[in-house]
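Report on the following structure.
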Amino acid sequence: MIVRLGRGIVAGLVATLVISMFMILRLSAGLMPWYNIVEIMNLTAQSVLGTPNSIVVGWIIHFVVGTLIWGILFALLAPHLPGSSDARRGLVFGLGAWLVVMITVFPLAGSGMFGMGFGVIAPISTLLGHIVFGLVLGGTYGWLRRL
């Protein structure tokens, strides 16, 4: 069980790093600068936990959630998820994670269900991000399992 959880944590870290690189590249290119998921994490933490306004808080939460929470949860759920490969199970997991974020994080951050306060691009781009996250998470987890 410990090895499986370790694989999940490492896979979660890799997937979080990949999605973070995409996000940084998008913001650096000036694409949708008003839509910054790390800032949304910061706003949610302010609302729920009363943390100070700090982008560092947003980054910490982003990595803790992606690496520890989603990574461990995937390791626990992977054997029970539908799909014939780890990458497909990761995709299913990523879609589930997206749904959880849409109905919890965005409303807590004050941007409404599915982040519609940001417009229709928020749920679509977040869905694409979670698809990439899930595929990388599952693919990395499967690769680590085969080592």
Side-chain angles (χ1 to χ4, degrees), residues 1-49 51-83 85-111 113-115 118 121-147:
M1 175 62 90
I2 297 295
V3 171
R4 197 164 93 199
L5 294 178
R7 274 190 224 116
I9 291 169
V10 171
L13 176 61
V14 170
T16 302
L17 286 168
V18 168
I19 203 66
S20 297
M21 286 189 301
F22 279 119
M23 184 179 60
I24 290 167
L25 288 172
R26 176 183 58 78
L27 291 171
S28 296
L31 299 173
M32 300 182 305
W34 45 265
Y35 177 63
N36 182 341
I37 193 65
V38 172
E39 182 58 28
I40 292 167
M41 296 278 195
N42 175 41
L43 292 172
T44 303
Q46 285 178 21
S47 171
V48 175
L49 304 172
T51 60
N53 182 13
S54 170
I55 199 70
V56 173
V57 170
W59 276 109
I60 290 169
I61 293 169
H62 174 68
F63 271 90
V64 167
V65 169
T67 302
L68 297 178
I69 295 175
W70 292 137
I72 289 171
L73 198 54
F74 180 75
L76 294 171
L77 295 177
H80 310 289
L81 292 171
S85 70
D86 289 305
R88 287 185 182 167
R89 285 186 281 280
L91 174 61
V92 169
F93 183 83
L95 293 172
W98 171 78
L99 186 59
V100 168
V101 168
M102 292 295 101
I103 63 176
T104 60
V105 175
F106 278 102
L108 289 170
S111 51
M113 291 292 273
F114 288 84
F118 289 115
I121 197 71
I124 293 170
S125 64
T126 307
L127 174 62
L128 294 173
H130 278 84
I131 287 171
V132 170
F133 178 85
L135 288 170
V136 173
L137 176 70
T140 303
Y141 183 85
W143 178 76
L144 291 169
R145 195 166 44 83
R146 290 185 296 277
L147 288 181

To the nearest 0.5 Å, what is the distance between CD1 on Ile2 and CD1 on Ile9? 9.0 Å
Is the shortest heavy-atom distance from the side chain of Ile72 to the side chain of Thr67 under 4.5 Å? no
Taking all atoms of both residues into account, what is the closest heavy-atom pair of Gly58 and Met41, and its distance? O-CB, 3.8 Å
State, without any angle test, whether His62 and Ser20 hold a side-chain donor-acceptor pair at a distance under 3.5 Å. yes
Less than 3.5 Å apart, which donor and acceptor atoms pair up between the side chains of residues 134-147 and the rest of the protein, not counting sequence neighbours?
from	atom 1	to	atom 2	distance (Å)
Thr140	OG1	Val136	O	2.8
Arg145	NH2	Asp86	OD1	3.3
Arg145	NH2	Asp86	OD2	2.3
Arg146	NH1	Gly142	O	3.1

In short, Gly8 meets Ala75 closest at the heavy-atom pair CA-CB, 3.9 Å
Test log, rule side-chain contact (heavy atoms from CB on, under 4.5 Å), inputs Val38 and Ile61: CA-CA 8 Å; Val38 172; Ile61 293 169; over 6 Å; no
Heavy-atom pair with the smallest gap, counting every atom of Thr51 and Asn42: OG1-O, 4.4 Å
So CD1 of Ile40 and CZ of Phe106: to nearest 0.5 Å the spacing works out to 4.0 Å
Side-chain heavy atoms of Leu13 within contact of Phe63, under 4.5 Å: yes
Please assess Asn36 against Met23 for the test side-chain contact (heavy atoms from CB on, under 4.5 Å), listing each intermediate value before the final yes or no. CA-CA 8 Å; Asn36 182 341; Met23 184 179 60; 4.1 Å; yes
Nearest non-hydrogen partners of Met102 and Thr126, listed with the distance: CE-CG2, 3.4 Å
Do other residues, nucleotides or ligands put more than 12 heavy atoms under 6.0 Å from the CZ atom of Arg4? yes
Just wondering, do Ile60 and Val64 contact through their side chains at under 4.5 Å, heavy atoms? yes
Start with the C-alpha gap between Ile55 and Glu39, add the side-chain angles, then the distance that decides, and say whether side-chain contact (heavy atoms from CB on, under 4.5 Å) holds. CA-CA 6 Å; Ile55 199 70; Glu39 182 58 28; 3.5 Å; yes
Nearest-0.5 Å distance, CG of residue Leu128 to CD1 of residue Ile124: 8.0 Å
Val92/Arg88 under side-chain contact (heavy atoms from CB on, under 4.5 Å): CA gap, chis, key distance, verdict: CA-CA 6 Å; Val92 169; Arg88 287 185 182 167; 5.8 Å; no
Ser47 side chain to Leu43 main-chain N or O, any donor-acceptor pair under 3.5 Å? no
4.5 Å side-chain heavy-atom contact, Leu27 and Phe22: no
Test ring pair (Phe, Tyr, Trp, His ring centres under 6.0 Å) applied to Phe114 - qualifying residues, sequence neighbours left out: Trp98
Between Leu77 and Arg89, is there a side-chain heavy-atom distance shorter than 4.5 Å? no
